[in-house]
Amino acid sequence: MPVITVYINGQKISTESGVTILEVCKANNIPMLTLCHLKGLHDIGACRLCLVEIEGVNRLLSGCTTQVADNMMIRTDTDRIKRYQRITVELFFAERNHVCAVCVANGNCELQQAGYAVGLDHIRYPFLYPECNVDTSHPWFVMDHNRCIMCTRCVRVCTQVEGAGNWGVMNRGHDVRIISDFNTPWGESSTCTDCGKCVHACPTGAIWPKAVAQGQLTKYPEMIGELVEKRKLLQ
Amino acid sequence: MKRPFANASSGLSATDPRVKLLDTRMKKENFRPDALIEILHAAQNAYGYLPMPVLQHISNKLHIPPARVFSTVTFYHFFSLKSRGDHTCLVCTGTACYVKGAQQLLDAVEKSFGIKAGEVSADNKLGLQVARCIGACGLAPAVVIDEEVQAKTDGQQLVAKIHEKLEAI
């Protein structure tokens, strides 16, 4: 891979080509907000938190799906990006029923951390309060759609890493929901292997193991990336 | 907990001509997973809608996880999980048709047949649907009954036309 030079926030960085802006930022300790990104899974640019400004490009691009090019001038810290990130996080909170105080993931939640990172103190948009199910049919795990942010990390980890394909996404727009099999209870799934990878991949308290109290949830999302690396060695 | 691991049985009868037709179609496509949409089209043509056992059958045969089949079906408005009735009445509620009285048409059908938009009558004879715009604004208010467009219609005419269609078979 040829080595190229990019400028991130004015800092000159040498990197190999073919990598994404997010990967370069991570390697160089440049902070970048992410929610739908998880090492080991294909990036889809869904959460729009890793937005970057690139000189010569009018619109904002997602850092996780944009590859670096030679002499690219990238900014990750402009007021415009910060404004949009804050709007995005506010909309995440307004879209479903997120109540940190009663959530198992309180203190260990990527959405909550994103809220702190953008300095969220109130939400300017009306809450939608959609009616969401809580699926407790699985013997060990719970799927709480109230806390789901539709990052589809569970869907991707189940399809791309476990290979089971238990999870999917149904409908469109406001009505989108994560589904197991044919929108049937998780406990009755004919595809789920009970591996628990989706539990660790979930950035919020939407999927969690039973018998965990409020604020007691610990997840190891890094485990997914390590697992993918180890599986490469097997091939 | 006991789960039917591996593929759940679809419970479809192998002698059903519609199942045979579907199987032939899948074989023609070499059971390629990326032929899913074509197969779903064929299934909806054969059944009029997509019953759950058919989705299970397709999922088993094409080796596509059930969730992916269901995602595809719910993403496209063309596919329907519920029966749309033997006859369908599609009322356009686009701006022009709405101004020209699409709501009165819907009310007339609701009053005569006891079904609301999106519903099917108890005997499964008639289904009532609405469309955002069917692109025939010059014919407003327009209704499509069994793929036949009724232009500049009113409640009385429409109800008479539906009765005519229902009695035709």
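Residue numbers start from 1 in every chain, and the chains themselves are labelled A, B, ... in the order their sequence lines are given, proteins ahead of strands.
- Residue A/R96 places its CZ atom among more than 12 non-hydrogen atoms of other residues, nucleotides or ligands, all under 6.0 Å distant.
- In this structure, A/F127 places its CZ atom where more than 12 heavy-atom neighbours from other residues, nucleotides or ligands lie under 6.0 Å away.
- Across A/G168 and B/A67, no two heavy atoms sit closer than the pair N-CB, 3.6 Å.
- The minimum heavy-atom distance linking B/F75 with A/R172 is given by the pair O-NE, 2.6 Å.
- Considering CG of A/N171 and NE2 of B/H77, their distance stands at 9.0 Å, rounded to 0.5 Å.
- Heavy-atom contacts from other residues, nucleotides or ligands closer than 6.0 Å to NZ of A/K219 number more than 12.
- Of all heavy-atom pairs between B/T74 and A/V169, the closest is OG1-O, 4.4 Å.
- The environment of B/Y98 atom OH is sparse: at most 12 non-hydrogen atoms of other residues, nucleotides or ligands sit within 6.0 angstrom.
- Contacts of A/N166 with chain B are made by backbone atoms alone, with heavy-atom separations under 4.5 Å and no side-chain atom involved.
- B/P66 places a side-chain heavy atom less than 4.5 Å from the side chain of A/T191.
- Of all the heavy atoms in B/M52 and A/F182, the pair that sits closest is CE-CB, 3.2 Å.
- Residue A/R124 qualifies as enclosed at atom CZ: its count of foreign heavy atoms under 6.0 Å is above 12.
- Within 6.0 Å of NZ in A/K210 there are more than 12 heavy atoms belonging to other residues, nucleotides or ligands.
- When all heavy atoms of A/I179 and B/F70 are compared, the closest pair comes out as CD1-CD2, 3.4 Å.
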